[in-house]
2 protein chains.
Amino acid sequence: MPPFLSISRRTRRTPFTDRVTAEGVSAYTIYNHMLLPTVFRSVVEDYRHLKTAVQVWDVACERQIEIFGPQAAELVQMLTPRDLSDMVVGQCLYTPMVDETGGMLNDPVTVKLDEDRYWVSIADSDLLLWIKGLAVGFRLAVDVVEPDVSPLAIQGPRADDLAARVFGEEVRSIRFFRYKRLAFNGVDLVVARSGYSKQGGFEIYVEGGQHGEPLWDALFEAGRDLDVRAGCPNLIERIEAGMLSYGNDMTRANTPHECGLGRFCDTRSAIGCVGRDALLRVAKEGPLKQIRYLEIEGKAVPPCSEPWIVSAGDEPVGQITSAAWSPDFGTNVAIAMIGRDAWDEGSVVDVATPDGNRSARVRAGSWL
Amino acid sequence: MPPFLSISRRTRRTPFTDRVTAEGVSAYTIYNHMLLPTVFRSVVEDYRHLKTAVQVWDVACERQIEIFGPQAAELVQMLTPRDLSDMVVGQCLYTPMVDETGGMLNDPVTVKLDEDRYWVSIADSDLLLWIKGLAVGFRLAVDVVEPDVSPLAIQGPRADDLAARVFGEEVRSIRFFRYKRLAFNGVDLVVARSGYSKQGGFEIYVEGGQHGEPLWDALFEAGRDLDVRAGCPNLIERIEAGMLSYGNDMTRANTPHECGLGRFCDTRSAIGCVGRDALLRVAKEGPLKQIRYLEIEGKAVPPCSEPWIVSAGDEPVGQITSAAWSPDFGTNVAIAMIGRDAWDEGSVVDVATPDGNRSARVRAGSWL
């Protein structure tokens, strides 16, 4: 049995926590000092439902960092090796963010609200402190704050139908990684076509905690015949989808190129990025290890709560950082960081799981 | 029943986690992206034992930030309004750390290892990112890293006896908030007289995770007749002791003066502190609200998982952020942030607990 979680003010509740509790959440993790549900009925039952119906996710822990002011665009470009010079208002971009050594500090989605105003929708690290430190050190004319914005995700094959019932038919026309401002409860909310699954859907940036429960209730009311349920990022589905988790599959020790995020690095043209000097050589020569997707043979693996060593012959060649049994693919799906000697498709390696050694095979890509 | 905690690589294990598990930990919180035990037998049973015997605490989550290089002292002074110009090697200092607005970013203990080398032993925020941001922005000649150092605390009235059996009689001569380097397992470890309780004891900065289990085992072996047990920071005792918890009793919204930490702010002489300008006026005029200790009447209060509004008359005057029933004092002990109109000793206020309104009285100080 897993341990209990002690909850205090420090492990912040969200505008949706009372609703999440009423829907029977059974486990949480802590993410950006905030409650993030991990299980409702069971990981497998939640997975089945996510792939067939529609879920509402409390992802308020995707905290926003608002960067506002005349040098906002300049500061945002300092954070990422992705070239943002062509970014337009209404766009969201996945933006690896790196320190001066090219190490990953976070992998947020950056939302451009206006020419001088951005939200950075962060993964689990206090990126606010890095951004504030740079702003102070470089004496930039910007304001950097955590606004009262709590994302709520709608995910699953019926997400468009559900969202249309609450926000109107216009949601269907929102393109991938774009957003529109749509009315709810007397305010305009940023509604983006994005989310941490491959089942499709939206993230609503709920600006003002007082709109949280009314939106939750409206979605559940409107979605009753769609079998809407409370859900959360699902371990199995996100591995099948090949979606990385910052802190799990990558850390500050890794470059974006090691994380397979080189396609988001315009190292030549991202002038101003503080990690650019460090990444120029990496971009040219390529990394020595990289994220790979592996199938682990045998029965269901136990939970992966710390990295599992991967070996080829008797040499360590990497580590598995996320793993789960996939009912749909009938195998254990895993995400690993693998050295170049063993990373080719079809390579067979050994994995030291807590249950003993297993054989595993490197795939060309993810499952979904 | 509280929810379960899902554990992954992101919620990092410590060098002591296997031992903590073997000793029957029943609940955790997450602190600096790491497991921090909160309960073993029960909060009350752990409390009784802490006050009468000796406990070993896995506080590896007090991560260290190492600041090294010719401008290390300059950078450390930028972080805090406490004047560090007289700090000597061998000293530990409680150092409120603030941003450019004077808002609390963390309240670590700073350890001076050498004239150009410090450890900052942090509370729950990624202070590393703030320090790195400043170092990059101001182009300082420093290195800022998280070293492989995991504090283990020995706390309780028998702490000196237990520590002496493992580190020798010299530990008894360590003064409060000083440290000595003492031998264990073939290495010299920093052993400081400090810790997050008022029962006395030490924090061992275990440098090198491989020394964690040998040290844990040596302490349990040596302390068998002292009834040594695994423990953790205890909610009841730390409120009785008036020890603040960053993220619970104070946040980035608060100045050190609001937190009652004005005595650690040498705002006049802490030249270089980035928050100094913002704090000069606060230091002169005093805060509008401040930390106070309250006794809440009636039976045991429920867990305080979000701030409880405090009112006087019908006006809100503050909030309670930590509360627990104290068996030793036979009352509910609480920490609150209270406005100046209601903060005087003996003030009677109303508290909106989840169980309904309670009367409470402001005290002159904490209980221990």
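Letters A, B, ... mirror the listed sequences (proteins, then strands); counts begin at 1. All of these numbers come straight from a predicted model, not from anything done at the bench.
Atom NE2 of A:His33 is separated from atom NE2 of B:His33 by 5.5 Å, given to the nearest 0.5 angstrom. Taking CG of A:Asn32 as the start and CG of B:Asp126 as the end, the distance is 8.5 Å to the nearest 0.5 Å. Expressed to the nearest 0.5 Å, how far CH2 of B:Trp130 lies from CD1 of A:Ile131 amounts to 12.5 Å. The CZ atom of A:Arg252 sits 4.5 Å away from atom CG of B:Leu128, with the distance rounded to the nearest 0.5 Å.
Taking each heavy atom of B:Leu129 and A:Ser125 in turn, the nearest pair found is CD1-OG, 4.2 Å. For the residue pair A:Arg10 and B:Ile30, the shortest heavy atom distance occurs at NH1-O, 2.9 Å. A pairwise comparison of heavy atoms in B:Pro307 and A:Arg9 identifies CG-NE, 3.5 Å as the closest pair.
Neither the backbone nor the side chain of A:Pro303 comes within contact range of chain B; no heavy atom of the residue lies under 4.5 Å from a heavy atom of that chain. In this structure, the portion of A:Tyr246 lying under 4.5 Å from any heavy atom of chain B is its backbone and not its side chain. Only the side chain of A:Thr251 comes within contact range of chain B, judged by heavy atoms closer than 4.5 Å. No part of A:Leu235 comes within reach of chain B, as not one of its non-hydrogen atoms sits under 4.5 angstrom from that chain. Both the backbone and the side chain of A:Asn248 come within less than 4.5 Å of a heavy atom in chain B. Contact of A:Val136 with chain B is made through backbone and side chain together, with heavy-atom distances under 4.5 Å. Within the 4.5 angstrom heavy-atom criterion, only side-chain atoms of A:Arg139, from C-beta onward, approach chain B.
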For a side chain to side chain contact (heavy atoms under 4.5 Å, CB included) check, start with the C-alpha distance between A:Phe4 and B:Thr38, then their side-chain angles and the critical distance, and finish with the verdict.
CA-CA 9 Å; A:Phe4 293 115; B:Thr38 52; over 6 Å; no
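Chosen from B:Asp99, B:Thr11, B:Val274, the residue pairing most often with chain A at heavy-atom distances under 4.5 Å is B:Asp99.
A:Ile7 pairs with exactly one of B:Pro3, B:Cys304, B:Pro2 by the side-chain contact (heavy atoms from CB on, under 4.5 Å) rule, that one being B:Pro3.
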